[in-house]
Amino acid sequence: MLNKELAAEHSVATDDAFMRRAMELAAQAEAEGEVPVGAVIVHNGVIIGEGWNRSIGHHDATAHAEMMALRQAGQTLQNYRLIDTTLYVTLEPCPMCAGAIVHSRVGKVVFGAHDAKTGAAGSTMNLLSYEGVNHHVLFQGDVLATECRAQLQAFFKRRRAEKKAAKIAARQQPDV
C-alpha cells in the first residue's frame, strides 16, 4: 500500500512540474499575441518536445501547441510514433490535435483546463479513446486546472478590453 501511495505522490509532483513547464510555454504564446496554450511531451522522464500556440504568427491553422510539440518530439525520436510518451497541455485538446495524438500513438495526455466548446478528451467528445480507432490514449484532466484556466481567462479578458478600447478610440477620431 505504501508503494502505491508514494507512486501517486510522485506522479502528482511530476505532473505538476511538467504542467508548469507547459504553462511557461503558454506565456510564450501570449507574449507572441497567441492564445496562451502550451504543451510538452515527455519520454522516460525527459522532455522531448515542446510547443505553444503559433497559428497567428505562422499563418497556419494547424500550429496548435500540441501539434508543435508532436512535431518536435517526432524529430527528437526520429519516429512519428511516440509510444510510451505523455503529452502535457494546458487546455484540453481539440479534435484536430486529438486525432494527431492518436495517430502519433501517444500513451497518455494530461491536461489542465477543460474546453467546453471544442474539447475532444471528454468535454464535447472523446476522440482519444473513441471505440472505432486503432489506438486509445489514456487521459487525465484537471492538473493545475485553476491556474491553467486563470491564464486563459486573463488573456481573453485583456483582449476584450483592448478591442473595446480600440472601438472607443476609433469613434473619437474626427471624420476627415
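- M125 and L91 fall into different hydrophobic clusters, where Ile, Leu, Val, Met, Phe, Trp and Tyr are joined by side-chain heavy atoms under 4.5 Å apart, directly or via other members.
- Of all heavy-atom pairs between G38 and A26, the closest is N-CB, 3.5 Å.
- You'll find the side chain of P36 stays beyond 4.5 Å of the side chain of N53, heavy atoms only.
- Atom OG1 in T86 sits 9.0 Å away from atom CG in L138 (nearest 0.5 Å).
- The two residues H64 and S55 have their closest heavy-atom pair at CD2-OG, 3.6 Å.
- The NE2 atom of H135 lies 10.0 Å from the CZ atom of R81; values are rounded to the nearest 0.5 Å.
- In this structure, the side-chain hydrogen bond (donor to acceptor under 3.5 Å, both in side chains) partners of E92, at least two apart in sequence or on a different chain, are S123.
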Check your understanding: Between L128 and H136, does a side-chain contact (heavy atoms from CB on, under 4.5 Å) hold up when you go through it step by step?
Key -> CA-CA 6 Å; L128 294 180; H136 295 180; over 6 Å; no

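- Within the 4.5 Å cutoff, the side chain of L152 has no heavy atoms near those of the T90 side chain.
- The CG atom of L70 lies 4.0 Å from the CD1 atom of I41; values are rounded to the nearest 0.5 Å.
- Within the hydrophobic cluster formed by Ile, Leu, Val, Met, Phe, Trp and Tyr side chains joined at under 4.5 Å, directly or through other members, W52 is accompanied by F18, M19, M23, L25, V40, V42, I47, Y88, V110, V143, L144.
- Partners of R158 under the side-chain hydrogen bond (donor to acceptor under 3.5 Å, both in side chains) rule, at least two apart in sequence or in another chain, are E30, E162.
- Nearest heavy atoms, H43 versus I83: CD2-O, 3.7 Å.
- Counting non-hydrogen atoms of neighbouring residues, nucleotides and ligands closer than 6.0 angstrom, the OH atom of Y130 reaches no more than 12 such neighbours.
- In this structure, M67 is a member of the same hydrophobic cluster as L87, with clusters built from ILVMFWY side-chain heavy atoms closer than 4.5 Å.
- Summarising the geometry, atom CD1 belonging to I48 is positioned 11.0 Å from atom CD belonging to E50; distances are rounded to the nearest 0.5 Å.
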Which pairs would a plain distance check flag for residues 94-108, meaning a side-chain donor or acceptor within less than 3.5 Å of a matching protein atom at least two apart in sequence or in another chain?
unit_1 : atom_1 : unit_2 : atom_2 : d
S104   : OG     : A100   : O      : 2.8
R105   : NH1    : H103   : O      : 2.9
K108   : NZ     : Q140   : OE1    : 3.4

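- Closest approach of G33 and R159 over heavy atoms only: O-NH2, 3.4 Å.
- Looking at S129, its side chain never comes within 3.5 Å of a backbone N or O of V137 through a donor-acceptor pair.
- The two residues A145 and G112 have their closest heavy-atom pair at CB-O, 3.5 Å.
- Under the rule for a ring pair (Phe, Tyr, Trp, His ring centres under 6.0 Å), F139 has no partner lying at least two apart in sequence or in another chain.
- Applying the ring pair (Phe, Tyr, Trp, His ring centres under 6.0 Å) rule to H114 yields the partners F111; only residues at least two apart in sequence or on another chain are considered.
- Interatomic distance, CD1 of I56 versus CD of E34, reported as 4.5 Å (0.5 Å rounding).
- Checking E147 against Q151 by side-chain atom types alone, no donor-acceptor pair falls below 3.5 Å.
- There is a side-chain donor-acceptor pair under 3.5 Å between T62 and D60.
- Looking at K163 and K167, their side chains never come closer than 4.5 Å, going by heavy atoms from C-beta outward.
- Between atom CD of residue E32 and atom CD of residue Q28 there is a gap of 4.5 Å, rounded to the nearest 0.5 Å.
- Across every non-hydrogen atom of G51 and A69, the tightest pair is N-CB, 3.8 Å.
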